[in-house]
Number of protein chains: 2
Amino acid sequence: MALEHAILVSLLEKPGSGYELARRFDRSIGYFWTATHQQIYRVLKRMESDGLLAVRGLPQQDRPDKKEYSVMGPGRAALSQWLHEPIEPESIRHDLAVKIRGAAFDDPSALIREVERHRQVHSDRLAHYLAGELRDFTGPAAPTPLDAGQELQHVVLRGGIAYERMTIAWLDDVLATLRRLGMSHPRA
Amino acid sequence: MALEHAILVSLLEKPGSGYELARRFDRSIGYFWTATHQQIYRVLKRMESDGLLAVRGLPQQDRPDKKEYSVMGPGRAALSQWLHEPIEPESIRHDLAVKIRGAAFDDPSALIREVERHRQVHSDRLAHYLAGELRDFTGPAAPTPLDAGQELQHVVLRGGIAYERMTIAWLDDVLATLRRLGMSHPRA
DNA sequence: TCCTCATATGCAACTCGTTGCATAGCCAAG
DNA sequence: CTTGGCTATGCAACGAGTTGCATATGAGGA
């Protein structure tokens, strides 16, 4: 149930509405966690009724009202408790790897375009992460020195960068393998 | 719904029972997909009633009967169709990254043992993958030349190896960062 | 003898996550 | 003037995944 905790972290970094959270989950938090607005609204409601969050209705001019959530004492305590509990190291769930092994029972060369498309997506993500790193942490406009929260955000971002770089290199390996097999066995 | 397809791939590689599949999902297939026996039994039953799989009851001496599943024509067709459909590049779900950012609101040094434990798990996985690579693909007992299926299994395994190596390096970066913050801010 | 482990399958209840749809006002482009 | 996009929230239904428990047999150890 880490979505709850990811929301607590994000709201501690800055209070906001469900809609704003959903956008953060498409951006910085999205480097390591994804969530749709449906999930977020549902969990926010539960967390509020559990007393972890406070909600403040903000009537706005020219657009629908929004509800700004912020973390209460029990929310902070719940996060702290979770931080002290051990969690399971994650295991991967990689559809593309299933497809690659499945290619042994189909035409391997048919996968090449798909793998190229994935490579492009990861390459775009890498560029996006690197731009963010320059903007927030290593560029001339970045604060110096960084505070603890920023250092931790930076090390998480470095993880995202390392992940994308590793993935791109692996997809190149996959492409080379598929092309090699496609040449020697034009039709499997 | 890639569990279904992972099962098809695994049963095409070799027919087997639900129990055997569950063990494969703890081993080679588990490099990139996990599933419990509950999930597997449930999906096998559905796939059989959908006509994707054939089942053969094997009475055994000295132990409970087992049901051996194998892929039928429609199952192979379903896999082939899926292989030709584009899939979304996955996004990460990394609890540990949530914890690391959360450490800004708690004592960062409390996370060090947790990160060290994760590093150990990934290091063990890497050793396990490398042993498997030597046994099945690069060692003296490995078949030469490898057929297409084995080449594809190998490139997937290389992906697992690259992932673990990257993760270990990142966790070292995380540990260095946490230790640095722990020194300059003994209590956050 | 009893306990645990390994094989082998399964139900029931639950939470988590996704998808489609609905509402509602404003703005800008065509 | 209608279509689509952005802000902002939400319901309903479904599918995916987890956890706890139940059943059955035989082997080996305490």
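Note that these values count all heavy atoms, side chains included, but never hydrogens, waters or copies made by symmetry. In what follows, chains are A, B, ... by sequence order, proteins preceding strands, each numbered from 1.
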Separation of dG25(C) atom P from K66(A) atom NZ, nearest Å, is 19 Å
Here the distance between atom P of dG17(C) and atom CD of E88(B), to the nearest Å, is 18 Å
Criterion side chain to side chain donor-acceptor pair (under 3.5 Å) on Q120(A) and E116(A), from CA distance to verdict
CA-CA 6 Å; Q120(A) 184 61 49; E116(A) 282 169 344; over 6 Å; no
note: R42(A), atom CZ; dG10(D), atom P; distance rounded to Å ~ 13 Å
query = Can we call the ring centroids of W170(B) and H122(B) under 6.0 Å apart?
reply = no
Sequence neighbours excluded, the answer for side-chain hydrogen bond (donor to acceptor under 3.5 Å, both in side chains) partners of T34(B) is R93(A)
Requested in this report: Decide, yes or no, whether a salt bridge links K14(B) with E20(B) under the criterion of side-chain N to carboxylate O below 4.0 Å.
Outcome: no
In numerical order, the residues of residues 25-40 of chain A whose heavy atoms come under 4.0 Å of DNA chain D are H37(A), Q38(A)
Quiz item: Does E13(B) reach the side chain of F105(A), with side-chain heavy atoms less than 4.5 Å apart?
Solution: yes
H5(B) and D95(A): side-chain donor and acceptor closer than 3.5 Å? no
The bend of the helix from dT1(C)-dA30(D) to dG30(C)-dC1(D), taken between the axes of its five terminal pairs at each end and rounded to 10°, is 20°
Separation of dT7(D) atom P from Y41(A) atom OH, nearest Å, is 11 Å
Taken to the nearest whole Å, CE/M47(B) to P/dG15(D) is 16 Å
* Using a distance-only test with no angle check, is there a side-chain donor-acceptor pair under 3.5 angstrom linking T177(B) and R158(A)? -> yes
In whole angstroms, the gap separating P of dA16(D) from CG of D95(A) amounts to 12 Å
Side-chain atoms of K45(B) come closest, of dC11(C), dA8(D), dT9(C), to dC11(C)
E48(A) atom CD is separated from dT9(D) atom C1', nearest whole Å, by 14 Å
| task | Decide yes or no, distance alone: a donor-acceptor N/O pair under 3.5 angstrom between the base of dG15(D) and the side-chain of R46(B). | result | no
Among the nucleotides dT9(D), dT18(D), dG10(C), whichever has the atom closest to the side chain of K67(B) is dG10(C)
- Without swapping roles, check the side chain of E4(B) against the backbone of M47(B) for a donor-acceptor pair under 3.5 Å. no
In whole angstroms, the gap separating C1' of dG10(C) from CG of L21(B) amounts to 16 Å
Between R23(A) and dT7(D), is there a contact of a side-chain N or O with OP1 or OP2 at under 4.0 Å?
yes
Residues pairing under side-chain hydrogen bond (donor to acceptor under 3.5 Å, both in side chains) where one sits in residues 128-146 of chain A, two or more places apart or in two chains, turn out to be E133(A)-H154(A)
Applying side-chain contact (heavy atoms from CB on, under 4.5 Å) to P145(A) and not counting sequence neighbours gives none
field: Pairwise side-chain contact, L8(B) with L53(B), heavy-atom cut-off 4.5 Å (strictly under)
entry: yes
The correct set of residues in residues 2-20 of chain A placing a heavy atom under 4.0 Å from DNA chain D is S17(A), G18(A), Y19(A)
From the list R101(B), R180(B), R179(B), salt bridge (charged side-chain N to carboxylate O under 4.0 Å, His left out) partner of E151(A) resolves to R180(B)
